[in-house]
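Inspection log for the structure reproduced underneath, given as structure tokens.
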Amino acid sequence: MVKRTPIAAILLTVSLVAAGAGNTWPENLNRLKQSLCLVEYYLPQAETNEIQDNTRIKQKITGILVDEAGLVMTSDIIFPANIDIVARNRFYAQIQSPPEDITVSFEKDEKYAATLVGVDEDLRVAFIRISQSENLPEPVVFRSDHALETGDPVYLIQHLNGRYNNEVIITSQNVNSIQEKPWLKWLSVGAFTPLSAGGLVVDPQGDPIGVVYRNNAMSVGSHFDIDVPMTSGALTELLPAAVFRQLLTDPPKLELQYTGTGKSWLGIQMQVLTSEMAAYWGLDTLNGIIIMRVMPNSPAEKGGLQMGDIITSLGELEIKGEDSQAIEVLRNHIRSLPDGPVPMIIWRDQRPLSKTIILESSPKSQFFAEEYSEEKLRFSVKELTQDIILENDLDFDTEGVWVSRVEEAGAASLSGLVVEDLILSIDNHKIRNLEDFKKEIQASMDSDPQLIQVFIKRQDKTLFIYIKPDHML
Amino acid sequence: MQNLIFIILLIVIFNGYGSAQFVLQREILQAKDRVLPALVHIEPVKEVFTSGKKVKFQVTGSGVIFSPEGHILTNNHVAEKARLVKCTLANKEELQAEVIGLDALTDLAVLKLDLTEKPHLELPYVEFGDSDSLQVGQFVLALGSPLGLSRSLSMGVISSLDRYFEDSGEMVSPFNLWIQTDAAINPGNSGGPLVDLNGKVVGINARAIFYGENLGFAIPINTAKLVVDRILAHKQVERSWIGIEWQEIKEYRKYKNLPQLDGVLIADIEQNSPALDAGLKPGDIVHSINREPLSAVYREELPKIRKMIAEIPVGTRINIEYSRNGYRTQTSLSTALRGKFEGNEFECAAWGLSVEEITSRIVKNLRLDNSDGVLVSGVRIGGPAHEAEVYRGYVIKYIDNTPVKDMDQFQKLYEDLKDIPEKGIMLRMFYKNSIRYGLLMGE
């Protein structure tokens, strides 16, 4: 007994020290913690074998209140869709409807309804707005002039995952590396797997300076996990406030009547000019990007750019370097410019050429293409957007609508129609777009036909399908 | 008394049953004796291109001798790309064989045993039967080397005679229906004979479905007879081509409410084809060719139409009667030679890639404008082409600034240029409306 007393005393001392350490956390961290919120929503599950999505999954992610009117910034995984065709973050996502029944809760239990405002597909952040602004905590006011260096300490305020009841967790970490391109990011060796991206980055003075951007485990529980970034190990990417500051006052807006995302496109595919290639062509010191492909009806095509042209400057940007990041830098530069004319210098046949190209807003993707469902025949079609043309390597002048959903064992399915068939004509009437389709299918159905003849293209072949409207037993 | 009758009856029944079984057993043994001596275990060494490199490997298949001179019938997929073919006869004698001709479209090949060292060897050979007179339910034997187990025999019945398979990638059979049998067929049976109880070859075993049970498929011998004749005469099978994909009219008849209509529907027309030039369109119904009526109400009737056109001598002017929007009319066209199924491949070892000839099939599948250039079929990891980010599937159309028309020209340019100069060799490549530059640098 006598011998055990000192051990107990030592243990007591250790726990007192630990408790003391807790008291040294800056008061700011506890205040900022209150602006962190849990965003809950339902994501409809995209099903191509039903003509509407019938199931939805409840998900939770981290958000930050950024203004007094209830604007919350969060991760873009809330809406996993490519909105314009240039942002090709999600190669496998097909049809995706926006999230439903979004609610937001802060430290107190009360839940507030919210709606999706918009998504920035390049920075991969999303904004939602709480439908009322009373009784909300203080919004976070970011400092965007804090330049961190490798080794600098930071605090991260995040949520734990569901196993720990989504409690707030504050960790102390360091900036382990800095990435400059295509925009500034701080990299930190993360210690655990938080609920999601979207947590707050705070400097040692207690000032909020950025958000947790991506980390290696965005496991929000479903097959949308294609969002898992390309970082290895437990690396966490932190996004400085300077990069997204502008979005806080002018957040991206998602409108179902698509009018463009406000991001510009040129309409080309690119290959980097290497120094060996430049030397081969006798353009020794030239840095540039080779145009591999010019998209139809794009600003590039209208401006007379051609396959094989080498871009050396665009607006203020001079192409530098010969790694794949040069492509990312040019791409982001183009997307950041407003619609309208921009001067370019290209090299063609070993000679420079000045061009002015009129940039346009990037065209919508299949996610925002209108979908039309034929209720009786149990299938849906979408207009042919450029991303579908590209993904399926269709000829640039292809016209028609593509089959986006076919209900299993419905009339269309029983007649042999499958998802991704391209509809070229109905009852011998050419289908160029969704309007033609609506008109012709309606006309056909009005005549109460025994069979409807649908001429389709499937992979490399065309064939006729005969849909029997009363195929239902 | 009653007991006696019962016993007599039992003996009669038992004897009758016993004799039927005996007859069947005798027929099986006789049929086996007619075919087994001519059965061949084939082990070709194949040369293929993979990841830009030429590699060799051995496979096992089956075949059957059908002439006293030592001709062997087997599958194209057994004999294609073979540089060396080792054959083991039923008496375990080993001989080399030469590939006389291949026909990918029917999956058949003809080999010939090399008898130079044994000129007096008397070879057993089989007789071909008539696959058109087969019946579902008829007993058949399958002989071959399943999973390499040579001289194996299995037995079953004919399960179906009009099995139709759509073409899928390399698995094509546009000109024939298949004999389906429940006789066990496994990998290695390919090229072996399916035999009736008269000991005549009625089919060549070629496919099986492995997640099913006892679902084997043989090419009817009547399809093979024609191919054998053509290969023996010309070493290859030339066929006419007009560029039409056909579709059966079963649903079209209902759609138009014309239950008596005869004809065949045009589903697709290939680019640069005689049919396109003759003004034919998808949706047209063809009724006759050179006044010979054509009709395919069901898809099982499509192979005979394709076969009929294929067998017209190449370059023949033919008259096509068709209807469009209910009006009958006609047109004429000259058939063209059907292009090679598979092009030659060539390894450019010094550049670290392999290229393939652009056949009409590649033009069609990749929707190319023409057959200019060569197709990159593989890239060796770590080689100059890999470093230059040359990818499989691109068409090389220029080397430095010299246009590449075809494989012959490519090979000449390669031989001249294969040692890469200091400034490199520029490949200008195309893939569906896009260009890519690949600068090959020396290692």
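Reminder, nothing fancy here: chain letters follow the sequence lines and each chain counts from 1.
If you measure heavy-atom distances from B:Gln247 to chain A, the contacts under 4.5 Å come from the side chain alone. For B:Tyr252, the parts lying near chain A are the backbone and the side chain together; criterion is any non-hydrogen pair under 4.5 Å. Contact annotation for A:Ile290: only side-chain heavy atoms (C-beta onward) come within less than 4.5 Å of a heavy atom of chain B. Using a 4.5 Å cut-off between heavy atoms, B:Leu265 contacts chain A through its side chain alone, with no backbone atom that close. Using a 4.5 Å cut-off between heavy atoms, A:Leu273 does not touch chain B at all. Both the backbone and the side chain of B:Asp400 come within contact range of chain A, judged by heavy atoms closer than 4.5 Å.
Put simply, the side chain of A:Asp427 reaches to within 4.5 Å of the side chain of B:Tyr255, judged on heavy atoms. Taking the side chain as every heavy atom from C-beta outward, A:Val294 and B:Asn433 never approach each other to under 4.5 Å. Side chains of A:Asp460 and B:Lys364 form no contact here, defined as non-hydrogen atoms less than 4.5 Å apart. For the pair A:Tyr466 and B:Lys250, the minimum side-chain heavy-atom distance is 4.5 Å or more.
Rounding to the nearest 0.5 Å places CE of B:Met426 at 5.0 Å from CE of A:Met277. Distance check: A:Met307 CE to B:Arg436 CZ gives 13.5 Å after rounding to the nearest 0.5 Å. A distance of 11.0 Å separates CD1 of A:Ile467 from CD of B:Glu251, quoted to the nearest 0.5 Å. Atom-to-atom distance recorded for B:Glu387:CD and A:Glu276:CD is 10.0 Å, nearest 0.5 angstrom. Atom CG of A:Leu463 sits about 14.0 Å away from atom CD1 of B:Ile266, to the nearest 0.5 Å. Expressed to the nearest 0.5 Å, how far CD1 of B:Ile435 lies from CZ of A:Arg293 amounts to 12.0 Å.
Counted within 6.0 Å of NZ on B:Lys405, heavy atoms from surrounding residues, nucleotides or ligands total 12 or fewer; the atom is thus considered open. In this structure, A:Gln450 places its CD atom where only 12 or fewer heavy-atom neighbours from other residues, nucleotides or ligands lie under 6.0 Å away. Heavy-atom neighbours of A:Glu318 CD from other residues, nucleotides or ligands within 6.0 Å: at or below the threshold of 12. For A:Gln459, the CD atom counts as loosely surrounded, since its 6.0 Å shell holds 12 or fewer non-hydrogen atoms of other residues, nucleotides or ligands. Around NZ of B:Lys432, the count of heavy atoms belonging to other residues, nucleotides or ligands within 6.0 Å exceeds 12. Applying the 6.0 Å contact sphere to CZ of B:Phe341 captures more than 12 heavy atoms from other residues, nucleotides or ligands. Residue B:Lys281 places its NZ atom among 12 or fewer non-hydrogen atoms of other residues, nucleotides or ligands, all under 6.0 Å distant. In the displayed structure, B:Glu415 atom CD is contacted under 6.0 Å by more than 12 heavy atoms of other residues, nucleotides or ligands.
For the pair B:Ala267 and A:Phe464, the tightest heavy-atom approach, listed with the atom from each and the gap, is CA-CE1, 4.0 Å. Nearest heavy-atom pair across A:Tyr280 and B:Gly424 is CE1-O, 3.6 Å.
Here B:Arg367 is the residue among B:Glu245, B:Arg367, B:Lys254 with the most heavy-atom pairs under 4.5 Å with chain A.
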**OP:** Report the C-alpha separation of A:Asn428 and B:Asn325 in whole Å, then their side-chain angles, then the decisive distance to 0.1 Å, and conclude whether the side chain to side chain contact (heavy atoms under 4.5 Å, CB included) test is met.
**Re:** CA-CA 9 Å; A:Asn428 264 343; B:Asn325 304 328; 3.7 Å; yes

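Under the 3.5 Å distance criterion, the side-chain polar atoms of A:Gln271 are matched with a main-chain donor or acceptor of B:Tyr437. When atom types are taken as modelled, the side chain of B:Ser434 and the backbone of A:Met292 share no donor-acceptor pair closer than 3.5 angstrom.
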